[in-house]
Every structure is written in C-alpha cells, then in structure tokens.
Amino acid sequence: MAKLIRKRRHRPGAAPGSLHVVGNGRDAPVQITVIDYDKESLDERTVETIEDLARFRDADTVTWANIVGIHDLAVVERVGEIFDIHALTLEDIVHTTQRSKFEEFENYLYAVIRMITFDTEETSIRTEQLSLLLGSNWVLSFQEDPRDVFEPVRDRIRNSIGRIRTSGADYLAYALIDIIVDEYFITLEQIGEEMENLEEEVLGEPDPGTLERISTLNRELVLLRRSIWPARELIGSMARSESPLIKKKTTVFLRDAYDHAIQIMEIVESFRDVMASLRESYKTSVSNRMNDIMKVLTIIATIFIPLTFIAGIYGMNFEYMPELSWHHGYFGVLGVMLAVGLAMVMYFRRKGWF
Amino acid sequence: MAKLIRKRRHRPGAAPGSLHVVGNGRDAPVQITVIDYDKESLDERTVETIEDLARFRDADTVTWANIVGIHDLAVVERVGEIFDIHALTLEDIVHTTQRSKFEEFENYLYAVIRMITFDTEETSIRTEQLSLLLGSNWVLSFQEDPRDVFEPVRDRIRNSIGRIRTSGADYLAYALIDIIVDEYFITLEQIGEEMENLEEEVLGEPDPGTLERISTLNRELVLLRRSIWPARELIGSMARSESPLIKKKTTVFLRDAYDHAIQIMEIVESFRDVMASLRESYKTSVSNRMNDIMKVLTIIATIFIPLTFIAGIYGMNFEYMPELSWHHGYFGVLGVMLAVGLAMVMYFRRKGWF
Amino acid sequence: MAKLIRKRRHRPGAAPGSLHVVGNGRDAPVQITVIDYDKESLDERTVETIEDLARFRDADTVTWANIVGIHDLAVVERVGEIFDIHALTLEDIVHTTQRSKFEEFENYLYAVIRMITFDTEETSIRTEQLSLLLGSNWVLSFQEDPRDVFEPVRDRIRNSIGRIRTSGADYLAYALIDIIVDEYFITLEQIGEEMENLEEEVLGEPDPGTLERISTLNRELVLLRRSIWPARELIGSMARSESPLIKKKTTVFLRDAYDHAIQIMEIVESFRDVMASLRESYKTSVSNRMNDIMKVLTIIATIFIPLTFIAGIYGMNFEYMPELSWHHGYFGVLGVMLAVGLAMVMYFRRKGWF
Amino acid sequence: MAKLIRKRRHRPGAAPGSLHVVGNGRDAPVQITVIDYDKESLDERTVETIEDLARFRDADTVTWANIVGIHDLAVVERVGEIFDIHALTLEDIVHTTQRSKFEEFENYLYAVIRMITFDTEETSIRTEQLSLLLGSNWVLSFQEDPRDVFEPVRDRIRNSIGRIRTSGADYLAYALIDIIVDEYFITLEQIGEEMENLEEEVLGEPDPGTLERISTLNRELVLLRRSIWPARELIGSMARSESPLIKKKTTVFLRDAYDHAIQIMEIVESFRDVMASLRESYKTSVSNRMNDIMKVLTIIATIFIPLTFIAGIYGMNFEYMPELSWHHGYFGVLGVMLAVGLAMVMYFRRKGWF
Amino acid sequence: MAKLIRKRRHRPGAAPGSLHVVGNGRDAPVQITVIDYDKESLDERTVETIEDLARFRDADTVTWANIVGIHDLAVVERVGEIFDIHALTLEDIVHTTQRSKFEEFENYLYAVIRMITFDTEETSIRTEQLSLLLGSNWVLSFQEDPRDVFEPVRDRIRNSIGRIRTSGADYLAYALIDIIVDEYFITLEQIGEEMENLEEEVLGEPDPGTLERISTLNRELVLLRRSIWPARELIGSMARSESPLIKKKTTVFLRDAYDHAIQIMEIVESFRDVMASLRESYKTSVSNRMNDIMKVLTIIATIFIPLTFIAGIYGMNFEYMPELSWHHGYFGVLGVMLAVGLAMVMYFRRKGWF
C-alpha cells in the first residue's frame, strides 16, 4: 500500500527558496541528458558538466535537458542560475511532495505533475514528481528516478515522426505532459481490471481476504484521485495561458490533453462509485452467507430439539408410565417422531428455506 | 456487463494526430452512403470511391455523407484531406474511446457523441462513438457499426417531412443529435422498467440473485452516467456557439435538445437515488428475514430446552427419588411440562413474535 | 407508486415541431373556457368553436383561455395559428413529459410547469403538465385533465378581490403559477405528516410493512424533487426576464414566488435528510430487535444446557456410580442445579441483559 | 420534536398581499413599545393607539417600535399605512412561515429572520419569525411572542453603552440581527453538549433509547440547518447592499455578523458529520454487543452439547454395553468429559474469545 | 477529545467592539517581546511597559511585536490606541473562537488564523488563535499561550538566513503564516500515521476499542477540517489583496503558501474518504467475526444434536424395543452415529465452512 501522506523531510519554517533534499534516489549520481534538435539536425548526448548546458540556453535549436536525480542541490542550484530560475521554483523542484500546478514566470513556465504507475502485485500506486520548465526554446525536466515514460517521445524526435521536429519547445512540453496523461489511462485500465476481478469474487465466493482487497483498492483510488485531480487544473491553466511561450497552434493540442484529463477524472469518479457499490455488495453477500448458516442451524435444531424432548419423556423412570408397557409403544413413538420431523420439514419448505 | 473502461489500443505517446485503429468492426469494408438534397432535388447513393465525395464539398445542396467503419485509416485520412480536417479531429474520429465533446474549427464544427443502447437480456449498456462534422453545407458522420438510429431522419429527408429539406446542414446535424438524445430516453425507459421489476422483487421475495441484479444495474447506471454527462455539455456548447455555421433559427432547436439532455441527466440522477434506496431496502429485507429465522429458532429452542431438562431430571437413576413412585407422578410432570410450554408461548405472543 | 419514468409515446426521431399525442385523457372532448375581464367588465364563457378565440387576441381586455385536453391536435394547431405560436412550443404543449421551463419568444412567453398532487391512500404523487402562454393581453393555459387548482383565482377575478382585475395578463400568469407553487406546499405538508407517522412507527413498533412504506415514500420524494427542482429555475428565469410582456411591478410578485420555490426545495432537501435518517433508524431498530431475540435464546439455552448435562450424567447406566445410592443424592443434585442456574442468572443480570 | 413543516394556515391561491393570520399568540392583545433616542435624549414607552406611531416617522431621533403579536391584522395594516409599507411585505410579516430573506424597497429595507431557541428538555428547537423594517431613522420589529432576546440591546440604549446611541437606525438594525446570530451560537453550544453526552453514551452503555435520542437530535439538526442557512444569505445581502439606508461604517459590522453566520454554518455542517459518525458508531456498537451475546451462547453450547451427547450414550439401555460394567467406567467417562470440556475452553481461548 | 464547540464566554448582545475575556491563560502576566531589524541592525528585547511600543510604530526598521496573553484587556486596548486599531479588530483579537479570516483596514491588514497541534496521546487536536496585524513596517502578533512555532523564524532573523532581513514587514507576516501552514502538514502526518495503525488493526485484530479509536479520530478530523478550511480562504484573500501593504514580490510567496493550503485541504478530504472506508471495513470485519462464531456454533450443534437424539431414542424405557437386546445393537448404533457425524462434517466441508 502507498503511504497516506508522504513525509516532507525539511524542517517547518525553513526559509522559502532554500533547498533541502526531500525526494528519493539519494545515492545515484545525477544524470543529465540533452536532446537538441531542429528540423534538420539532431544532437543527443549525456552532459558531463553542468556548464555544458549554458550554451544551449540561447541556441536557436530546441533543447530538452532531462535531469535525473534532484538530491544534488548544487546541481539544481547551478542549473537554476544558468536558466535564471526563481528560488521558489527551485524549492518546488527538490521538494517532491508538490501538488501538481502550473505557474507562469517572466522568462519561463513551470509545471509540476505526478507520474503514476500501478503495482498490480502490491495493489499500490506509485507516484513520482516531474518538474517541467518551458523556456523560449528549451525544456528542462527534473525527475527523481531514471525510469521514465518518455521513450516514445524520444523515438519520435529521433525518427522525426509527426510534427515534433518542426514544432517548438512548447510542443515538446505538451508531448511530455500528454504521455504522462496517457499513462494515467494505463493505470486506470489496470485498476479497472482489478475491480472487475473483485466484482466476480464478491458475487461468487467472497472470503475475508476480499474485504482487505476492496479496502486496499479503495484507498489507492483515494490517493490516485488526490494525485490526478490537480493535474486537470494544471493542464487547463496551461491551455488557457496567454504566455507568449505557448504558441496558439499548440493550445489546440493542450485542449485535447485537457479533455483527456477530464475524461480521466470522470473515470476515477465512476470507479469510486463502483467501489462503493462493490463494498455494499460484499457486505450484503456476507449477510446472505450468515443467513445461510443460520438457516442450517435453525432447520437442524428445530427438527431435532422437539424429537429429543419426546425421547426424553420416555427415558423418564416413573414407575407408572402406561405407554412403556404397550406392545407398539416404541414403534408408535418412532412414528410420532417421524410425523413431527416431516411436519417441520414441510413447514420450512413452505417458508422457502430450502 | 459492460467493461468498466474501454481499452485504448494505441501505444501511449504515439504522435498526436497520427492514426491508429482503436474501434471495432475491423473486418467489414468501409461503407460510405451519401444523401444530397435541397428543397426540390434528392440524391441518395452509395459512394464507390472516396474521390466521389469531393464534388459534394462545394455544391449548393446539403450533403450528408455517412461513413460506416473507421478502421480503414486510408479512407479516414483521404476524407480528411478532401474536407480539410485537422489532424487531431481525425485522431479523435478513429479513437473510439472519446469523451463527448464539441470543438469549433475555422471551416467546420466537430461533435463527438456516444450512441447508447441497452441490452435487456444481459443488463448491459452498449455505447458506440459517433463523430459528426458540420461544414458550410455538408455533414459527415463517422460510425463504427452499420446499425444506427438514423433511419427516421432519412425518412424525413426522403419524404420531405417537416422543415428538414428546407433547412441547412446545421439543422441536419441537429436532427442527428436530437435522435441520439431521444434514444437515451428509450434506454432510460428500459432501465426504469428493470428497476421497477427489481423494486417488486426486493419488497417481495428477494433472493441472492437479486443482489447480483442490483449490483449489475447500479454499475451500468454509473457507466451510463459517465457516457451521458458530457453529452449535455456538448449540446450546450453547440447551442451557445456563435459560429456562422449554425444559423440562429437552428439554435432554438438546439436549446430544445439541450433541455432534453438536462432532463435526461435529472432522470439518471434520480435513478441513482432510487438504486441506492433499493440496495438499502434489499439489505434491510435480508436483515428482516434473518430476524424471522432467528425467531423460529428461538421459539422452538426456548420452549423445548426447559422441557427436555425436566425430562432429563426424571431420567436420572438415583435410588431415592420419591416422585418416581408417586402414582400420578408421570402425568403430573406431563402437566407441568404443558404449563411451562404454554407460559413460553404466551410470553412470545405478548412480545409480538408470532 | 408513481412510475419512475413516464413513457414518451412518440417515435424517436419524429420531426421536431410535429405533433403527436402523448398525454392522458384521450377520450374526453376538448373544453375551452374563456374569462375576459378588465377593471369594470367581466365575461366568463365556454367557447364553442376555436375561431371564437380569435377576437380576444387583440382586444384591450385581459383574456384567459383555459384549454382542457390536449389530445385533439387539430385544436392545438388551430390555437397555435390564431395566436401565432412557434411549432416547437406546440410540440412541447402536447408532449406531456416536459421538464418545467421558461422560454421567451418574440410575441409571447412560454412556461411549462408540473401541477403536483399527493395521493395519501397510495402514497403516490401525481403530476400533470400545465402549459402557460403569456401574450400582450392574453394568457393561454393548456392542461391534460379538467380537475385543476385554479378555482381560487377564478373567484378572485369574479369577485374582484385584490389587484387581479386592475392588473394585466402578466399578473394573471403570476397568479396561476403562484397557486401551483402553493399547492406544492400542501403536498409537502401531506408528505411531512406521512413522515412523522413513519417516525413514530420506526421508533415504536416497526414491522416489515414499515420498510415498504419507507421505500415508497423515499421514492416518491425522489420523483417529487425531480418535478419541483426545475420549477425553481423556471420562476427564477421569469422573475429575471426583461421581456416587455412582464411589467416591473409584477416582477416583485414573481420574486416572492421564487422565494417560495427556494423554500420548497429546501424543505424537500431536508425531507430527504430525514428520510435517510429514518431508514437508518429502521435498520438499527431491526438490529436491536434481533439483539433482544438473541438475548432470550442465549439466556434460556445457557441456563438449561448445563443443567441438562448434569441430569444426563446421572441418567447414565453405569453399574458403579456411587452418588446414585446416596440417600440425599437426588436432592443434592437438584440443589447443585439450582445453584448453577442462579449463578447464570446473576451473571446475565450483571451483564445487564435483563 | 419540532414539526417537520409548519402548516401555513391560509388557503392556497389567496390574493397576494392580502392578510391572513398564520402565526401563534392569537389571544394576547397586540403590544407596541417604542424606544426613541438620540445622543442626548431617551424616551421609552408603551404606545396606546397606533396613531401615536405616526409622529415618530419623520422625527430626527432614532425610533425603534417593537410590535408583539401579529394576529391583529388591522394593527399591521394600519402600521403599514403609516410607514408606507408594500402589501407583499405586510403579507410576509403576518405569514410566519417565511424563509429568512432580505428585500430592498424604495423607502425601507425588509429583513425577515428566524429566532431560534433550543429546548433541552424535549430536544426540540423552536423558531419564531422576526420581521425587521429599516427606514431612514426608524426600525420596526414584528414578533409573534412577547419573549425576546433583545433585552441586552435595550440596556445598551438605556445606559448608552458602546456606539449605539451615537449611531443611526441602521446600526440598531444590525445590533438586533447580531444578537439573534449570537443566540444561534448558544443553541449550537447546547446541541454540542447534547452530542457529547450522546457520544459518551454510545461508546459506553448504549440502550434503545440512545437510538431515539440520536434520531431526534439528528432531525432537529436538519431543521436547524434549514432555518439558519438562509440567514447567512440575508446578512450577506444586507452587507453587500448599496442602499443609502445602510451607512458605510455600519457595513463593517454587518460583514462581521456575516462572518459569524458563516462560522455557524460550518459548525452546523461539522455537527452533521459528527452525528452521522455517531449513528455509525451506535450501529457498530450494537453489532459488537450482538457478537458478545453470540459468543456466550456459542461457548456454553459448544462445550456442553458434546458432553451431553456422551452422557446420552451411556444412558442408552442396550443389554450389551461392556463399558457399563467396568469398575472405573463412570469415573473414566467423567474424565473424558473433563478433557473434552477443557479442550474446548482452550480452543476458544486461543481464538481470543474470552 | 477536543470540544465540539468552544464556549464563547461573553454574554450575547454585548456591544460589538467592547472587550471581554474569552481565551485561556488568565493567570500568567502578559509578555511582549519585540524584534526590530533591518538589513544591518537587529534589536531583540522584552518590552517592560506598553508605551515602549510607540516608538517602533513609525521607525524605518521592521518591527515584530509578539504579545503573549490576551486576557489583560487594558494591554490590548492600549496597543490598539498606539497602532490605531479598529474596535472590531480588538474584539476579534480577544475573542479566541474566531473563524480564520483576512480583513483589510486603511492602515493595517488583519489576519486571524488557528495554530494546530495534535496530541497523539489523547488523539486530540488543540487549536490556538493567532491574530496577525500587518502595518507599513510593523507586525503585531497576539497569541494566547507562550508556546509557539515561530522559533525558526526568529532564528532566520537572528542569523540573517534567506531574504527575511532584506525584505519588509509583509514578508515577515508571510513567514509567520507559512510556518503555521507547515505545522498543519506535521499534524496531518501524525494523523496519517494514526490512520495507518488503525488500518492494520482493523484488517488484523479489531476489538471494541478500535471502534472508539476510529470514532475519535474521525471526530478530530471533522474539527480539524473546520479549523483548516477557512485558512485556505484567508491566505487566498491575502494573496489576491491589492493593498499597498503587500508588495508584489511577496505575493509570489503567498501564492505558494496558498498552494500548500489547498494541498492540505485535499489531504484532509482524502483522509475523510479513508476514514469512511476504514469504518466500513471495521463493520464488515465485525460481521465476518460474527460469521465465524456462528459457523462454530452451527457446526457443533448440527453435528451433535442429531446424535444426541439417537442416543435419546435408545435411552427410552419401553418394554418392547427389539434393538436393545441385539448383541451388536450398541456398536451398531455407535457406527450409525459415526456415519451421521461424518456425513455432517463432509457437508460442511463441501459448503466451504472449514
């Protein structure tokens, strides 16, 4: 299960704009890869020293620098200096418990969004913070972990598929956000499958483990919703932004991504409805089983308790009990018992108990 | 049951505007039928090659081209070229998991809406995506499946019923959307009947199958709501649109369709309320039955357990038990048992248990 | 119980503005009564032929024509011609499943609102559609059924009570709507009483019939809400309308009616809350009764089962059982049984079970 | 318990603006007290005839006329004539089932607000309608009942405490509304205490009476919310009003009262949440007790039923039962029984049942 | 547990703007500490007499006066005079049951916000009111209790960390609010941990104490939400404020704090969802345990009741019972009993009961 709340590791009251490490991946070295391209040329490389980034800043080509690992504050600070980033943005980049948001600064736009993956094994969502900075002709992306979902975008750049090589940095930023939103669909599909399995289980053979699976999935859905909800807002703000850094023709694409974000929220909401219904069904199913158990007990007890009573009567040791000496007394009593038993059975059958 | 989420079949991160097949009906050939009409003339035909569509584009008459089957990407792309359709629109047409929406482009309006049918047998809603493009004097409709609900509109064109032959392409687009919304009412009526059957069942003779039927219907209602909700928005945007492609006198009709869409949403919401209440009633009904079972058990056990105890006492083998040798001991004990039994029965009757 | 959804009887896809009968009362002939009045004169009559209506259209006096029965399409169409009514309005008049709404046309205003009565016998709300058209100095009202709630308004016109004779057609339209809203209060009062009865029943002596009554009332409340909710909107639009057909001093009265409509919605919402609470109480009450039943069973069984066991021991037929031959064995055992029984009773009393 | 809906006593369809008695207190005579003051002078008296009010109307001093008892329509009508009050306002004054609201007229402002008291004995809220009219330098207050909460305001006027003697009629109107809102806090405190008592009861020793107390309190909370909610709106409208009758410096105070009204609504909402949680806890507590009862029954029954069976075996009368003649047969069987009993006890202990 | 509502200690209807003690800490003397600083100089001291504050009012340096203890009305009033504070503000400062809010006055801005700490021992939140007044170059903070969370801010001032020494009074006010919001995160983390413990408990070994812990935590969450919700609004108003007292570059920081406040609300909402789910799980878990108990009872009773009946039959004392004299009668009956018992066991196993 994912944590209900991710610990912020810095002391409250630290000076805003001061950098403290919060995220994971503390041991690995920071990796910076750069893809620099325009319509004709393409240059993909791993940057050795941060200073190498400086020359991309004012180049005419579109530059995408992907910084993996944000625990090395010196690196983040130096990148901030090179690209003239506000102290608060740098703070947001390294504090990886941010809410998805979009902020406009004079020389760049800042978007922070959560990448989400679903671990089917552990029924647990995992989120990672992605910070995206869009300048005039550069995009910086900061991520905690080297694993990412951007490979298809890299392929499109490498192979010049679609309009990505002929469009600007804003289209690249859109492409990165779009693929993250697409990943949300994958997560929802996985959760949807999990829910359909649970549905079958609940209506078929629920066991106590089912309750735990429902609880866990429900909880992850709550956390998922908390992660995804602000993303909708962020993309909406971005699509409505009037910053010159986002060209009008890219806005059409952002509106499309926004529609996807809304669709995702609607799916999440309907999942919540289905989960609530699932839980109710489980509860009623448990009640139904209790009913079945009670029925068995009641049928057995109600048939045999009176019979045992009859047997008890003729087990009494009174000296004068006329029936005991009757020749057919025994079989007569057996007959009476049979009649009583059958009457009970018929009564239950008429009540529809079995 | 319908799937909770329909799988998108394309890879995440595919270039936006690139076409990948997502919908059903992959094997059937694409069928294009054209109805071209004005006040006097009417021309209905099946188009052999796509190129035949080109001459309708700038004709004075109103043209409705209905393209069935969207899996042949070449066809969709070629139609897109002829009518000058934006790449993103084409992508939306072939990805049949769209949320209903309305988009304005310079030379056309694009509406995507879900057609819904309810399969009473399987208690399952089926949805199909309809893409509608409205140009100056043409309407393109893309659907996955040859079955459609448009026959009454075709009849009205053929037989010149109402104002359809004297109105423009915008009225035709309205007529198509209106009939889809009318179908929503049919679906709701079917679900309403299903719910009334369930209501009777719950208050009459609920069985475990009832729980499953409630769960299933509830779930389909959740999915239905997700499908219908955005339609309201789409028709609203269309009615408020200031595009010259929609004439003012058509707006009155769109507002009427919008009212219907709101009415549908209100019905869906009230259905959800009734479903929730139904589920509660089912649960309480199950509890009531458990109560009945417990009552029977308790009455029988409580009457006979003390009696059996009395019989047990006189079944003991003590040498000195004075009652055993009394002449009326046996009948005296029988009398005591009867008295105890009757007292119990009266106690239960006073408690109102039977 | 009212139907969850009222069937629309026309085929989907019929040409908008074409007339098809949907409402009830098909057999009765259409009745048209006219009240024509100004400050001094009053003329109340039943109209023989529709054409008689024409001369009221442009008269200086205020004319209220009440058309009962809307199944005779020819009548509705002819009235439409005389008063120059839009085809869509005529369609709305005859399709009696409309959502309450308010629409402005150039020469008239159109309001459709549901009249509601509550059948206490069957715990069922009944709704009837009222169409109201307000022209410069005429009001047309279309209703399905001859029974109506307008008699007090007629009396006020006849006896010149209040400002109705000195005000225009807009005030008349307000008066008709106001009386319908007043009837909503009556319905709510009846439902409120029903709920208070149910409250007493639930906290007193609930039986399975209680569940059914709760379910039915809840369901009617859902339907009532669906009928009333849009009325609020309609009156609000009317009060905010800037049409010259509604004079400023009538607006004050409409705002008053709007306040009533809001008050009604708030009462409905609070009724829903109380219903939900009622249902919960019923459920808990059922659980409490189950508890009581279980307690009786447990007390009886727990006291007598051990005693029966003791009796069973001394009913065994072993040859060597020393206690059997003790002189006070029998009474000793009876004493032990009494002690065990009393200990149990004291244990239950300490647990507070009785 | 308070009624779910207060009966309106006038016939539906009565002419708006016509006066019909609705409120309580029909028998007592109408009492009119006047406090007339400015910075220096103070005149407090009971008015004999209504006509005495006329001279206060245009006086320079601030006049507060408090009319207790609104059943004497002649009085209300005459006051209306003197102060030039709209017919609809007079109707609202005498119909004491109004929703709280604020209305601006040319020469006065009209506020109707509900005074609320909580009867701890009967766990029932009582509401009374207060109508407040604010003119240029007069305030009229109409109330049903002589008991009121205004004494502290009268004291402040009499003893010239705070700014009340140096401020205008608008400040007086604010002071009256403010004290009513302050009373809401008292009511909430009383309900809060009641809830805390219930909380303890539920987690301690709930009995069936607890359910009734929860239901009643919940219901009163629903009614309280319905009464208070519109008050927030009324004070908000008043604070935002641009009428010259409310001076700018009074607006600051009204905004403060508005903040209090919002705080009250938030408390009511949180109370509802706590009530819902309380009800849930009660239900679970009932289930837990049922569990305890079942455990006792199960432990006793499960231990003794097998033992009784063993005793039953050796109570059989077969001629050839070798164990019966064994010398240690009896004690052997007792030993077996003890072993079985202890095994059961250990099994339950391991299951954690006691 | 925290109180559901904090008692206001003043009489309703007291003159607004008049001061009455409401808060805690009545016995301790009022403490006033001043930190006066600019870029170069720093002066931290405890003020002896209030009059000493006067000279800081118009100084060029930034002054932060922290007044601990608000029960000494003379002190608050005198401070009000020195800094020219509105009477209503002074009233709000001493009435410590305020809702968080932000108000603009001509010469200062007033923010009241609740500081929250969570007492893990008692599972109880504690709130304390902080009043913050921001003037041109001074900040006044009023708190009830000497304990506070501002030490890190003081350290930043003392050690000149970050921009605090070079920024104005508005930045100081932001820093104080920011640290309070940061403390909210701490509280949420503690509650989150508590919830995760409860989750484990519920799915593992719930006991009646679990219910109490869930109830208490839920209730504290309701109160927490009520305290935090208005803070979001307050910071939002402050960030949107156009007062010249807040410089534009500080607004960026306030927007950041606002984002945090929204994030906090989203976490609280998701916690509520998780709590609701937790409670449901607990209820179902209780039902599951009841099921287990019932199963044990049913299995034991259902196996042994028929067997005891058989034993009872052969314990009857009829003279003519042929089986009794059969040589293998006894062992035959034992065999039959074994067969019946095994059949029962197999039946339960097939039903999956153990």
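The chains referred to below are lettered A, B, ... by the order of the sequence lines, with proteins before strands, and numbering in each begins at 1. Keep in mind that what you see is a predicted model, and the values were worked out from it rather than measured.
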Who among [options] has the most heavy-atom pairs with chain A under 4.5 Å?
| options | result |
| --- | --- |
| B:Ile300, B:Leu221, B:Ile293 | B:Ile293 |
| B:His86, B:Arg225, B:Arg226 | B:Arg226 |
| B:Met294, B:Lys283, B:Glu103, B:Glu280 | B:Lys283 |

Evaluate the ring planes of A:Phe185 and A:His260, with Trp represented by its six-membered ring, and classify them as parallel (under 30°), tilted (30 to 60°) or perpendicular (over 60°).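 Perpendicular.
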
Look at the rings of B:Tyr330 and A:Tyr314 and say which category their plane angle falls in: under 30° parallel, 30 to 60° tilted, over 60° perpendicular.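 B:Tyr330 and A:Tyr314: tilted rings.
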
Dump the intermediate steps for side chain to side chain contact (heavy atoms under 4.5 Å, CB included) on B:Glu233 and B:Arg99, then the final yes or no. CA-CA 11 Å; B:Glu233 234 171 80; B:Arg99 187 175 177 272; 3.3 Å; yes

Is the side chain of A:Ser277 donor-acceptor paired with the backbone N or O of A:Asp273 at a distance under 3.5 Å, no angle test?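 Side chain of A:Ser277 to backbone of A:Asp273, a donor-acceptor pair under 3.5 Å: no, none is there.
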
Chain B interface, residue from [options] that has the most non-hydrogen pairs under 4.5 Å:
| options | answer |
| --- | --- |
| A:Val202, A:Ile267, A:Ile191 | A:Ile267 |
| A:Asn288, A:Leu297, A:Asp155 | A:Asn288 |
| A:Val181, A:Asn317, A:Ile164 | A:Asn317 |

What part of A:Phe150 lies closer than 4.5 angstrom to a heavy atom of chain B: side chain, backbone, both or neither?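 For A:Phe150, no heavy atom lies under 4.5 Å from chain B.
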
Part of A:Tyr184 lying under 4.5 Å from any heavy atom of chain B: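 It is neither, since no heavy atom gets under 4.5 Å.
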
Which atoms of [X] come close to chain A, meaning under 4.5 Å heavy atom to heavy atom: side chain ones, backbone ones, both, or neither?
| X | answer |
| --- | --- |
| B:Leu334 | side chain |
| B:Met275 | neither |
| B:Arg279 | side chain |

Gap between atom NZ of B:Lys101 and atom OH of A:Tyr258 - 0.5 Å precision: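 A:Tyr258 atom OH to B:Lys101 atom NZ measures 12.5 Å (nearest 0.5 Å).
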
Between atom CG of A:Leu203 and atom OG1 of A:Thr284, what is the distance when rounded to the nearest 0.5 Å?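 Reported to 0.5 Å precision, the distance equals 10.0 Å.
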
Identify all side-chain donor-acceptor contacts of residues 303-313 of chain B below 3.5 Å with residues at least two apart in sequence or on another chain.
from     : atom 1 : to       : atom 2 : distance (Å)
B:Thr308 : OG1    : B:Phe304 : O      : 2.8

So, do B:Tyr110 and B:Phe105 have ring centers that fall under 6.0 Å from each other?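 Between B:Tyr110 and B:Phe105, the centre distance exceeds or equals 6.0 Å.
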
